[in-house]
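Structure first, then comments.
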Number of protein chains: 2
Amino acid sequence: MTETISDPIDTKQGLVTKQSLLDAAEALIAERGVAGASLRAITTRAGTNLAAANYHFGSKQALARAVIARHLQPINSERLRLLDEAEAASGDAGPSLETLVGIFVGPVVRFGRELPDGGRHFAQICGRAMTQPDPMLRESLLGELAEAIRRFRAAFSRALPELSPEELLWRIQFMVGTMAHTIAGSQMIEAVHGDELDTRDLDSLVDRLVRFLCGGLSAPMEVSQS
Amino acid sequence: MTETISDPIDTKQGLVTKQSLLDAAEALIAERGVAGASLRAITTRAGTNLAAANYHFGSKQALARAVIARHLQPINSERLRLLDEAEAASGDAGPSLETLVGIFVGPVVRFGRELPDGGRHFAQICGRAMTQPDPMLRESLLGELAEAIRRFRAAFSRALPELSPEELLWRIQFMVGTMAHTIAGSQMIEAVHGDELDTRDLDSLVDRLVRFLCGGLSAPMEVSQS
DNA sequence: GCTTGAATCAAACGTTCGTTTGAATTGTAC
DNA sequence: GTACAATTCAAACGAACGTTTGATTCAAGC
(Lines give C-alpha, C1' and ligand atoms only; values in the text may rest on other atoms or scores of the structure.)
Protein backbone atom coordinates (compact mmCIF):
# COMPACT_ATOMS: atom_id res chain seq x y z
CA MET A 1 0.00 0.00 0.00
CA THR A 2 2.78 2.40 0.91
CA GLU A 3 6.44 2.63 0.12
CA THR A 4 8.71 0.20 1.89
CA ILE A 5 12.25 1.16 2.78
CA SER A 6 14.09 -1.69 1.18
CA ASP A 7 17.75 -0.93 1.58
CA PRO A 8 19.20 -1.60 4.99
CA ILE A 9 22.18 0.54 4.02
CA ASP A 10 20.67 3.67 5.51
CA THR A 11 24.08 5.15 6.15
CA LYS A 12 22.93 8.69 6.74
CA GLN A 13 19.73 8.64 8.68
CA GLY A 14 18.08 11.61 6.98
CA LEU A 15 18.35 10.25 3.45
CA VAL A 16 15.65 7.63 3.66
CA THR A 17 13.27 10.16 5.15
CA LYS A 18 13.96 12.60 2.35
CA GLN A 19 13.50 9.90 -0.28
CA SER A 20 10.29 8.65 1.31
CA LEU A 21 8.92 12.16 1.36
CA LEU A 22 9.73 12.67 -2.33
CA ASP A 23 8.12 9.36 -3.26
CA ALA A 24 5.00 10.03 -1.26
CA ALA A 25 4.72 13.60 -2.51
CA GLU A 26 5.13 12.47 -6.11
CA ALA A 27 2.35 9.93 -5.84
CA LEU A 28 -0.06 12.19 -3.99
CA ILE A 29 0.57 15.28 -6.10
CA ALA A 30 -0.02 13.23 -9.24
CA GLU A 31 -3.23 11.89 -7.77
CA ARG A 32 -4.70 15.04 -6.22
CA GLY A 33 -2.67 17.96 -7.50
CA VAL A 34 -0.36 20.22 -5.53
CA ALA A 35 -3.11 22.00 -3.66
CA GLY A 36 -4.97 18.77 -2.95
CA ALA A 37 -1.99 16.94 -1.52
CA SER A 38 -1.65 18.13 2.05
CA LEU A 39 1.56 17.82 3.98
CA ARG A 40 -0.29 15.71 6.49
CA ALA A 41 -1.29 13.21 3.81
CA ILE A 42 2.19 13.21 2.33
CA THR A 43 4.02 12.69 5.61
CA THR A 44 1.56 10.03 6.73
CA ARG A 45 2.09 8.11 3.50
CA ALA A 46 5.85 8.53 3.82
CA GLY A 47 5.72 7.22 7.37
CA THR A 48 7.41 10.31 8.75
CA ASN A 49 6.50 13.00 11.16
CA LEU A 50 4.56 15.99 9.89
CA ALA A 51 7.41 18.37 10.68
CA ALA A 52 9.87 16.34 8.62
CA ALA A 53 8.67 17.89 5.38
CA ASN A 54 9.46 21.40 6.50
CA TYR A 55 12.66 20.32 8.19
CA HIS A 56 14.11 18.70 5.09
CA PHE A 57 12.70 20.91 2.36
CA GLY A 58 11.80 24.18 4.07
CA SER A 59 8.30 24.49 2.67
CA LYS A 60 5.63 22.64 0.78
CA GLN A 61 6.40 24.48 -2.42
CA ALA A 62 10.07 23.60 -2.21
CA LEU A 63 9.08 19.97 -1.78
CA ALA A 64 6.94 20.13 -4.91
CA ARG A 65 9.80 21.73 -6.84
CA ALA A 66 12.12 19.00 -5.66
CA VAL A 67 9.69 16.36 -6.89
CA ILE A 68 9.84 17.83 -10.38
CA ALA A 69 13.56 18.51 -10.46
CA ARG A 70 14.47 15.02 -9.26
CA HIS A 71 13.56 13.39 -12.56
CA LEU A 72 13.38 16.26 -15.03
CA GLN A 73 17.01 17.19 -14.80
CA PRO A 74 18.32 13.78 -15.94
CA ILE A 75 15.72 13.68 -18.69
CA ASN A 76 16.81 16.98 -20.15
CA SER A 77 20.46 16.07 -19.84
CA GLU A 78 19.74 12.91 -21.77
CA ARG A 79 17.85 14.86 -24.39
CA LEU A 80 20.71 17.28 -24.94
CA ARG A 81 23.26 14.47 -24.94
CA LEU A 82 21.37 12.61 -27.66
CA LEU A 83 21.03 15.83 -29.63
CA ASP A 84 24.77 16.43 -29.47
CA GLU A 85 25.38 12.88 -30.57
CA ALA A 86 22.95 13.08 -33.50
CA GLU A 87 24.34 16.40 -34.69
CA ALA A 88 27.88 15.08 -34.58
CA ALA A 89 26.90 11.99 -36.57
CA SER A 90 24.84 13.74 -39.22
CA GLY A 91 27.39 16.19 -40.57
CA ASP A 92 26.44 19.44 -42.23
CA ALA A 93 22.89 18.50 -43.15
CA GLY A 94 21.88 18.02 -39.55
CA PRO A 95 19.75 15.24 -38.10
CA SER A 96 16.55 14.26 -39.86
CA LEU A 97 13.16 15.38 -38.59
CA GLU A 98 12.32 11.89 -37.38
CA THR A 99 15.55 11.72 -35.44
CA LEU A 100 14.94 15.06 -33.75
CA VAL A 101 11.38 14.25 -32.78
CA GLY A 102 12.44 10.87 -31.47
CA ILE A 103 15.11 12.48 -29.34
CA PHE A 104 12.70 15.05 -27.99
CA VAL A 105 9.91 12.64 -27.17
CA GLY A 106 11.79 9.48 -26.36
CA PRO A 107 13.65 10.25 -23.14
CA VAL A 108 10.64 11.52 -21.25
CA VAL A 109 8.84 8.28 -21.97
CA ARG A 110 11.79 5.97 -21.63
CA PHE A 111 13.02 7.53 -18.43
CA GLY A 112 9.56 7.21 -17.04
CA ARG A 113 9.55 3.48 -17.48
CA GLU A 114 12.54 3.04 -15.23
CA LEU A 115 10.71 4.56 -12.30
CA PRO A 116 8.98 2.16 -9.91
CA ASP A 117 5.49 3.18 -10.98
CA GLY A 118 6.35 3.26 -14.66
CA GLY A 119 6.81 6.99 -14.51
CA ARG A 120 3.13 7.70 -14.63
CA HIS A 121 3.10 9.88 -11.57
CA PHE A 122 6.01 12.00 -12.63
CA ALA A 123 4.82 12.32 -16.21
CA GLN A 124 1.40 13.40 -15.02
CA ILE A 125 2.86 16.08 -12.81
CA CYS A 126 5.09 17.39 -15.58
CA GLY A 127 2.34 17.54 -18.15
CA ARG A 128 0.14 19.39 -15.74
CA ALA A 129 2.79 21.75 -14.45
CA MET A 130 3.11 23.48 -17.80
CA THR A 131 -0.34 24.97 -17.60
CA GLN A 132 -0.54 25.21 -13.85
CA PRO A 133 -1.70 28.39 -12.18
CA ASP A 134 1.09 28.35 -9.61
CA PRO A 135 3.79 30.53 -11.20
CA MET A 136 6.58 29.19 -9.01
CA LEU A 137 6.01 25.60 -10.08
CA ARG A 138 5.48 26.54 -13.68
CA GLU A 139 8.69 28.48 -13.90
CA SER A 140 10.55 25.74 -12.12
CA LEU A 141 9.57 23.44 -14.95
CA LEU A 142 10.03 25.94 -17.74
CA GLY A 143 13.45 26.92 -16.47
CA GLU A 144 14.60 23.37 -16.99
CA LEU A 145 12.92 23.12 -20.37
CA ALA A 146 13.94 26.48 -21.81
CA GLU A 147 17.46 25.52 -22.85
CA ALA A 148 16.29 22.33 -24.50
CA ILE A 149 13.71 24.25 -26.49
CA ARG A 150 16.34 26.74 -27.61
CA ARG A 151 18.69 24.00 -28.74
CA PHE A 152 15.99 22.02 -30.50
CA ARG A 153 14.68 25.13 -32.19
CA ALA A 154 17.96 25.58 -34.02
CA ALA A 155 18.07 21.91 -34.94
CA PHE A 156 14.49 21.89 -36.21
CA SER A 157 15.17 25.02 -38.16
CA ARG A 158 17.76 23.13 -40.21
CA ALA A 159 15.51 20.14 -40.70
CA LEU A 160 12.59 22.31 -41.76
CA PRO A 161 14.17 25.16 -43.74
CA GLU A 162 10.97 26.03 -45.58
CA LEU A 163 9.24 27.23 -42.42
CA SER A 164 9.35 30.82 -41.27
CA PRO A 165 10.82 31.31 -37.78
CA GLU A 166 7.43 32.23 -36.41
CA GLU A 167 5.68 29.22 -37.91
CA LEU A 168 8.43 26.96 -36.61
CA LEU A 169 8.07 28.31 -33.08
CA TRP A 170 4.36 27.69 -33.13
CA ARG A 171 4.83 24.15 -34.37
CA ILE A 172 7.36 23.43 -31.67
CA GLN A 173 4.80 24.78 -29.26
CA PHE A 174 2.20 22.41 -30.65
CA MET A 175 4.64 19.54 -30.33
CA VAL A 176 5.35 20.30 -26.68
CA GLY A 177 1.63 20.55 -26.06
CA THR A 178 0.85 17.25 -27.68
CA MET A 179 3.56 15.55 -25.68
CA ALA A 180 2.60 17.15 -22.40
CA HIS A 181 -1.05 16.35 -22.81
CA THR A 182 -0.35 12.79 -23.82
CA ILE A 183 1.79 12.02 -20.79
CA ALA A 184 -0.49 13.94 -18.46
CA GLY A 185 -3.80 12.69 -19.68
CA SER A 186 -3.86 8.95 -19.28
CA GLN A 187 -6.77 9.31 -16.90
CA MET A 188 -8.70 11.29 -19.45
CA ILE A 189 -7.84 8.97 -22.32
CA GLU A 190 -9.07 5.99 -20.39
CA ALA A 191 -12.22 7.81 -19.38
CA VAL A 192 -13.12 8.70 -22.95
CA HIS A 193 -12.07 5.59 -24.82
CA GLY A 194 -12.52 3.03 -22.12
CA ASP A 195 -10.68 -0.18 -22.90
CA GLU A 196 -10.11 0.58 -26.55
CA LEU A 197 -6.67 2.06 -26.08
CA ASP A 198 -3.76 0.54 -24.26
CA THR A 199 -2.04 3.36 -22.44
CA ARG A 200 0.65 1.05 -21.07
CA ASP A 201 2.39 0.10 -24.29
CA LEU A 202 4.88 2.93 -24.23
CA ASP A 203 6.96 1.72 -27.16
CA SER A 204 4.18 1.88 -29.70
CA LEU A 205 2.91 5.05 -28.07
CA VAL A 206 6.24 6.74 -28.80
CA ASP A 207 6.07 5.47 -32.36
CA ARG A 208 2.58 6.84 -32.85
CA LEU A 209 3.53 10.14 -31.27
CA VAL A 210 6.62 10.52 -33.45
CA ARG A 211 4.62 9.76 -36.59
CA PHE A 212 1.95 12.29 -35.68
CA LEU A 213 4.42 15.00 -34.74
CA CYS A 214 6.57 14.52 -37.84
CA GLY A 215 3.47 14.87 -39.97
CA GLY A 216 2.42 18.02 -38.18
CA LEU A 217 5.83 19.61 -38.11
CA SER A 218 6.42 19.03 -41.81
CA ALA A 219 2.92 19.95 -42.96
CA PRO A 220 2.92 22.12 -46.08
CA MET A 221 1.99 25.76 -45.69
CA GLU A 222 -0.49 25.52 -48.55
CA VAL A 223 -3.34 23.11 -48.04
CA SER A 224 -3.18 20.57 -50.81
CA GLN A 225 -6.25 19.69 -52.82
CA SER A 226 -6.54 15.96 -52.40
CA MET B 1 -10.48 46.40 -12.13
CA THR B 2 -13.67 44.44 -11.45
CA GLU B 3 -16.77 43.63 -13.45
CA THR B 4 -19.35 46.36 -13.79
CA ILE B 5 -23.00 45.51 -14.03
CA SER B 6 -23.81 47.30 -17.23
CA ASP B 7 -27.40 46.45 -18.03
CA PRO B 8 -30.00 48.34 -16.04
CA ILE B 9 -32.55 45.75 -17.12
CA ASP B 10 -32.12 43.68 -13.99
CA THR B 11 -35.67 42.41 -14.09
CA LYS B 12 -35.23 39.55 -11.66
CA GLN B 13 -32.95 40.59 -8.87
CA GLY B 14 -31.10 37.31 -8.50
CA LEU B 15 -29.93 37.10 -12.08
CA VAL B 16 -27.31 39.79 -11.99
CA THR B 17 -25.84 38.28 -8.85
CA LYS B 18 -25.63 34.87 -10.48
CA GLN B 19 -24.01 36.31 -13.58
CA SER B 20 -21.54 38.34 -11.58
CA LEU B 21 -20.56 35.27 -9.62
CA LEU B 22 -19.99 33.26 -12.79
CA ASP B 23 -17.88 36.04 -14.31
CA ALA B 24 -15.79 36.51 -11.20
CA ALA B 25 -15.36 32.77 -10.72
CA GLU B 26 -14.32 32.32 -14.34
CA ALA B 27 -11.63 34.97 -14.10
CA LEU B 28 -10.27 33.86 -10.77
CA ILE B 29 -10.31 30.14 -11.53
CA ALA B 30 -8.45 30.82 -14.77
CA GLU B 31 -5.92 32.88 -12.87
CA ARG B 32 -5.39 30.75 -9.77
CA GLY B 33 -7.01 27.39 -10.43
CA VAL B 34 -10.07 25.93 -8.74
CA ALA B 35 -8.37 25.28 -5.43
CA GLY B 36 -6.65 28.65 -5.43
CA ALA B 37 -9.79 30.65 -6.08
CA SER B 38 -11.52 30.98 -2.72
CA LEU B 39 -15.18 31.78 -2.41
CA ARG B 40 -14.22 34.87 -0.48
CA ALA B 41 -12.11 36.15 -3.35
CA ILE B 42 -14.80 35.26 -5.89
CA THR B 43 -17.65 36.91 -4.01
CA THR B 44 -15.57 39.97 -3.24
CA ARG B 45 -14.71 40.40 -6.91
CA ALA B 46 -18.32 39.83 -7.87
CA GLY B 47 -19.43 42.45 -5.37
CA THR B 48 -21.77 40.06 -3.61
CA ASN B 49 -22.03 38.63 -0.15
CA LEU B 50 -19.99 35.57 0.69
CA ALA B 51 -23.10 33.48 1.25
CA ALA B 52 -24.46 34.30 -2.20
CA ALA B 53 -22.27 31.67 -3.86
CA ASN B 54 -23.68 28.84 -1.80
CA TYR B 55 -27.18 30.27 -1.99
CA HIS B 56 -27.26 30.37 -5.77
CA PHE B 57 -25.11 27.37 -6.65
CA GLY B 58 -25.16 25.15 -3.58
CA SER B 59 -21.44 24.58 -3.33
CA LYS B 60 -18.13 25.76 -4.68
CA GLN B 61 -17.81 22.73 -6.93
CA ALA B 62 -21.22 23.32 -8.45
CA LEU B 63 -20.18 26.88 -9.19
CA ALA B 64 -17.05 25.66 -10.94
CA ARG B 65 -19.09 23.20 -12.98
CA ALA B 66 -21.47 25.98 -13.95
CA VAL B 67 -18.56 28.10 -15.13
CA ILE B 68 -17.51 25.36 -17.54
CA ALA B 69 -20.97 24.40 -18.73
CA ARG B 70 -22.00 27.98 -19.45
CA HIS B 71 -19.79 28.25 -22.52
CA LEU B 72 -18.92 24.69 -23.41
CA GLN B 73 -22.46 23.61 -24.20
CA PRO B 74 -22.95 26.20 -26.97
CA ILE B 75 -19.52 25.43 -28.36
CA ASN B 76 -20.25 21.75 -28.72
CA SER B 77 -23.66 22.41 -30.17
CA GLU B 78 -22.03 24.64 -32.76
CA ARG B 79 -19.46 21.97 -33.52
CA LEU B 80 -22.07 19.30 -34.10
CA ARG B 81 -24.23 21.66 -36.16
CA LEU B 82 -21.32 22.48 -38.44
CA LEU B 83 -20.51 18.79 -38.74
CA ASP B 84 -24.07 17.99 -39.78
CA GLU B 85 -23.93 20.77 -42.32
CA ALA B 86 -20.62 19.66 -43.78
CA GLU B 87 -21.72 16.04 -44.02
CA ALA B 88 -24.92 17.02 -45.76
CA ALA B 89 -23.00 19.15 -48.26
CA SER B 90 -20.26 16.66 -49.05
CA GLY B 91 -22.29 13.69 -50.20
CA ASP B 92 -21.02 10.13 -49.94
CA ALA B 93 -17.34 10.93 -49.74
CA GLY B 94 -17.76 12.88 -46.54
CA PRO B 95 -16.09 16.16 -45.60
CA SER B 96 -12.40 16.61 -46.26
CA LEU B 97 -9.84 16.34 -43.50
CA GLU B 98 -9.22 20.10 -43.52
CA THR B 99 -12.94 20.74 -43.16
CA LEU B 100 -13.26 18.39 -40.21
CA VAL B 101 -10.28 19.80 -38.38
CA GLY B 102 -11.50 23.32 -38.98
CA ILE B 103 -14.89 22.45 -37.56
CA PHE B 104 -13.35 20.81 -34.51
CA VAL B 105 -10.90 23.57 -33.72
CA GLY B 106 -12.70 26.64 -34.97
CA PRO B 107 -15.70 27.02 -32.66
CA VAL B 108 -13.72 26.83 -29.46
CA VAL B 109 -11.55 29.71 -30.63
CA ARG B 110 -14.23 31.71 -32.37
CA PHE B 111 -16.69 31.41 -29.52
CA GLY B 112 -14.01 32.56 -27.20
CA ARG B 113 -13.57 35.81 -29.03
CA GLU B 114 -17.16 36.83 -28.39
CA LEU B 115 -16.61 36.70 -24.67
CA PRO B 116 -15.70 39.96 -22.95
CA ASP B 117 -12.15 38.86 -22.18
CA GLY B 118 -11.61 37.29 -25.58
CA GLY B 119 -12.33 33.89 -24.16
CA ARG B 120 -8.93 33.51 -22.64
CA HIS B 121 -10.20 32.70 -19.19
CA PHE B 122 -12.67 30.13 -20.32
CA ALA B 123 -10.26 28.53 -22.75
CA GLN B 124 -7.64 28.28 -20.08
CA ILE B 125 -10.03 26.59 -17.68
CA CYS B 126 -11.16 24.12 -20.34
CA GLY B 127 -7.67 23.17 -21.41
CA ARG B 128 -6.69 22.61 -17.83
CA ALA B 129 -9.81 20.74 -16.80
CA MET B 130 -8.97 17.80 -19.06
CA THR B 131 -5.99 16.79 -17.01
CA GLN B 132 -7.21 18.08 -13.69
CA PRO B 133 -7.03 15.92 -10.60
CA ASP B 134 -10.55 16.75 -9.50
CA PRO B 135 -12.63 13.90 -10.97
CA MET B 136 -15.91 15.77 -10.72
CA LEU B 137 -14.71 18.68 -12.82
CA ARG B 138 -12.96 16.43 -15.30
CA GLU B 139 -16.00 14.30 -15.91
CA SER B 140 -18.17 17.35 -16.17
CA LEU B 141 -16.02 18.43 -19.09
CA LEU B 142 -15.61 14.99 -20.64
CA GLY B 143 -19.31 14.33 -20.46
CA GLU B 144 -19.90 17.29 -22.74
CA LEU B 145 -17.05 16.35 -25.03
CA ALA B 146 -17.72 12.62 -25.34
CA GLU B 147 -20.51 12.81 -27.90
CA ALA B 148 -18.57 15.19 -30.10
CA ILE B 149 -15.58 12.87 -30.06
CA ARG B 150 -17.79 9.93 -31.03
CA ARG B 151 -19.32 11.82 -33.94
CA PHE B 152 -16.01 13.17 -35.17
CA ARG B 153 -14.39 9.77 -34.87
CA ALA B 154 -16.77 8.39 -37.48
CA ALA B 155 -16.25 11.38 -39.73
CA PHE B 156 -12.46 11.21 -39.45
CA SER B 157 -12.60 7.51 -40.14
CA ARG B 158 -14.08 8.24 -43.55
CA ALA B 159 -11.59 10.98 -44.30
CA LEU B 160 -8.65 8.80 -43.24
CA PRO B 161 -9.60 5.29 -44.40
CA GLU B 162 -6.03 4.02 -44.41
CA LEU B 163 -5.72 4.30 -40.61
CA SER B 164 -6.53 1.45 -38.28
CA PRO B 165 -9.23 2.24 -35.71
CA GLU B 166 -6.67 2.19 -32.95
CA GLU B 167 -4.27 4.50 -34.73
CA LEU B 168 -7.12 6.88 -35.54
CA LEU B 169 -8.20 7.04 -31.90
CA TRP B 170 -4.71 7.90 -30.81
CA ARG B 171 -4.39 10.61 -33.41
CA ILE B 172 -7.70 12.14 -32.35
CA GLN B 173 -6.34 12.03 -28.84
CA PHE B 174 -3.23 13.88 -29.96
CA MET B 175 -5.39 16.44 -31.70
CA VAL B 176 -7.46 17.09 -28.60
CA GLY B 177 -4.28 17.40 -26.60
CA THR B 178 -2.68 19.87 -28.95
CA MET B 179 -5.78 21.99 -28.95
CA ALA B 180 -6.26 21.86 -25.20
CA HIS B 181 -2.68 22.71 -24.48
CA THR B 182 -2.66 25.55 -26.97
CA ILE B 183 -5.70 27.28 -25.54
CA ALA B 184 -4.63 26.61 -21.97
CA GLY B 185 -1.02 27.52 -22.25
CA SER B 186 -0.81 31.10 -23.37
CA GLN B 187 0.94 31.95 -20.12
CA MET B 188 3.52 29.29 -20.77
CA ILE B 189 3.98 30.22 -24.40
CA GLU B 190 4.63 33.82 -23.49
CA ALA B 191 7.02 32.79 -20.75
CA VAL B 192 9.10 30.63 -23.06
CA HIS B 193 9.07 32.65 -26.24
CA GLY B 194 8.67 36.10 -24.80
CA ASP B 195 7.53 38.58 -27.39
CA GLU B 196 8.33 36.43 -30.38
CA LEU B 197 4.86 34.98 -30.71
CA ASP B 198 1.61 36.88 -30.83
CA THR B 199 -0.90 34.86 -28.84
CA ARG B 200 -3.71 37.32 -29.59
CA ASP B 201 -4.03 36.80 -33.32
CA LEU B 202 -6.57 34.03 -33.10
CA ASP B 203 -7.31 33.84 -36.82
CA SER B 204 -3.80 32.94 -37.87
CA LEU B 205 -3.47 30.75 -34.79
CA VAL B 206 -6.41 28.66 -35.98
CA ASP B 207 -4.83 28.45 -39.43
CA ARG B 208 -1.52 27.29 -38.01
CA LEU B 209 -3.25 24.79 -35.74
CA VAL B 210 -5.32 23.35 -38.57
CA ARG B 211 -2.25 22.97 -40.76
CA PHE B 212 -0.31 21.21 -38.03
CA LEU B 213 -3.17 18.90 -37.11
CA CYS B 214 -3.96 17.97 -40.70
CA GLY B 215 -0.33 17.05 -41.21
CA GLY B 216 -0.27 14.96 -38.07
CA LEU B 217 -3.57 13.24 -38.69
CA SER B 218 -2.69 12.29 -42.25
CA ALA B 219 0.89 11.30 -41.53
CA PRO B 220 1.90 8.08 -43.35
CA MET B 221 2.33 4.96 -41.24
CA GLU B 222 5.71 4.26 -42.82
CA VAL B 223 8.34 6.91 -42.27
CA SER B 224 9.41 8.15 -45.65
CA GLN B 225 13.08 8.44 -46.53
CA SER B 226 13.46 12.07 -47.54
C1' DG C 1 -50.78 48.24 3.75
C1' DC C 2 -50.07 43.71 4.63
C1' DT C 3 -48.34 39.24 3.52
C1' DT C 4 -45.19 36.14 1.35
C1' DG C 5 -41.23 34.19 -0.58
C1' DA C 6 -36.89 35.30 -2.60
C1' DA C 7 -32.60 37.45 -1.91
C1' DT C 8 -28.99 39.69 0.82
C1' DC C 9 -26.39 40.35 4.81
C1' DA C 10 -23.13 40.08 9.00
C1' DA C 11 -21.49 36.76 11.83
C1' DA C 12 -20.06 32.61 13.28
C1' DC C 13 -19.31 27.53 12.78
C1' DG C 14 -16.04 23.68 12.65
C1' DT C 15 -12.36 21.96 9.95
C1' DT C 16 -8.08 21.78 7.66
C1' DC C 17 -4.11 23.83 6.28
C1' DG C 18 1.25 25.09 6.37
C1' DT C 19 4.34 26.25 9.60
C1' DT C 20 6.72 26.71 14.12
C1' DT C 21 8.32 25.36 18.61
C1' DG C 22 10.91 23.05 22.16
C1' DA C 23 11.77 18.85 24.11
C1' DA C 24 13.20 14.04 23.21
C1' DT C 25 15.84 10.88 20.59
C1' DT C 26 19.35 9.23 17.67
C1' DG C 27 23.89 8.68 15.44
C1' DT C 28 28.77 9.92 15.67
C1' DA C 29 33.29 11.28 17.23
C1' DC C 30 36.31 11.80 20.96
C1' DG D 1 30.68 7.48 28.79
C1' DT D 2 30.43 12.13 27.36
C1' DA D 3 29.63 15.85 24.19
C1' DC D 4 27.59 17.51 20.20
C1' DA D 5 24.96 18.00 16.20
C1' DA D 6 21.43 16.03 13.31
C1' DT D 7 17.05 14.28 13.29
C1' DT D 8 12.48 12.99 15.03
C1' DC D 9 8.52 13.86 17.65
C1' DA D 10 4.01 15.57 19.86
C1' DA D 11 1.79 19.66 20.25
C1' DA D 12 0.28 23.84 19.20
C1' DC D 13 -0.08 28.20 16.41
C1' DG D 14 -2.66 31.49 13.54
C1' DA D 15 -4.74 31.89 9.23
C1' DA D 16 -7.81 30.65 5.65
C1' DC D 17 -11.18 27.76 4.04
C1' DG D 18 -16.33 26.12 2.67
C1' DT D 19 -20.49 26.19 4.71
C1' DT D 20 -24.44 27.37 7.78
C1' DT D 21 -27.42 30.27 10.42
C1' DG D 22 -30.89 33.64 11.57
C1' DA D 23 -32.09 38.14 11.08
C1' DT D 24 -32.96 41.69 7.64
C1' DT D 25 -34.17 43.74 3.26
C1' DC D 26 -36.42 43.73 -1.05
C1' DA D 27 -39.97 43.15 -4.79
C1' DA D 28 -44.36 41.78 -5.91
C1' DG D 29 -49.41 39.98 -5.43
C1' DC D 30 -53.68 40.85 -3.36
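Owing to the predicted nature of the structure, the values given are computational and were not obtained by experimental measurement. To find a chain, count down the sequence lines: A is the first, B the second, and so on, and within it residues start at 1.
In this structure, Q61(B) atom CD and dG18(D) atom C1' are separated by 12 Å, rounded to whole Å. Atom CG of L21(A) and atom P of dC9(D) are 11 Å apart (whole Å). To the nearest angstrom, P of dC17(C) lies 8 Å from NZ of K60(A). Here the C1' atom of nucleotide dT20(D) and the CZ atom of F57(B) are 18 Å apart, to the nearest Å. As rounded to whole Å, 8 Å separates atom P of dT7(D) from atom NZ of K18(A). The separation between L39(B) atom CG and dC9(C) atom P is 16 Å, rounded to whole Å. Across the protein-nucleic acid pair, I42(B) atom CD1 and dA16(D) atom C1' stand 14 Å apart, rounded to whole Å. With rounding to whole Å, N49(B) atom CG is found 11 Å from dA11(C) atom P.
When distances are taken from the side chain of N54(B) to each of dT19(C), dT19(D), dT7(D), the shortest belongs to dT19(D). Comparing atom distances between the Y55(A) side chain and each of dG18(C), dA6(D), dT19(D) picks out dA6(D) as nearest.
An OP1 or OP2 oxygen of dC17(C) is reached within less than 4.0 angstrom by a side-chain nitrogen or oxygen of S38(A). Side-chain nitrogen and oxygen atoms of H56(B) include none within less than 4.0 Å of the OP1 or OP2 phosphate oxygen of dA6(C). Contact annotation: T17(A) reaches the phosphate of dT8(D) (side-chain N/O to OP1 or OP2, under 4.0 Å).
Nearest approach of D134(A) to M136(A), heavy atoms of both residues: OD1-N, 3.0 Å.
Look at E147(B) and R150(B) and you find no salt bridge, because none of the NZ, NE, NH1 or NH2 atoms lies under 4.0 Å from a carboxylate O.
By the 4.5 Å heavy-atom criterion applied to side chains, V108(A) and L72(A) are not counted as neighbours.
Using a 4.0 Å heavy-atom criterion, one finds that A51(B) contacts the bases of the nucleic acid, with or without backbone contacts as well.
The only option from I42(B), V16(B), T17(B) that meets the side chain to side chain contact (heavy atoms under 4.5 Å, CB included) definition with T48(B) turns out to be T17(B).
Each of A52(A) and L50(B) has a nearest nucleotide on DNA chain D; the 5'-most of these lies closest to A52(A).
In this structure, R79(B) satisfies the cation-pi test against F104(B), with its NZ or CZ atom closer than 6.0 Å to the six-membered ring centre and inside 45 degrees of the ring normal.
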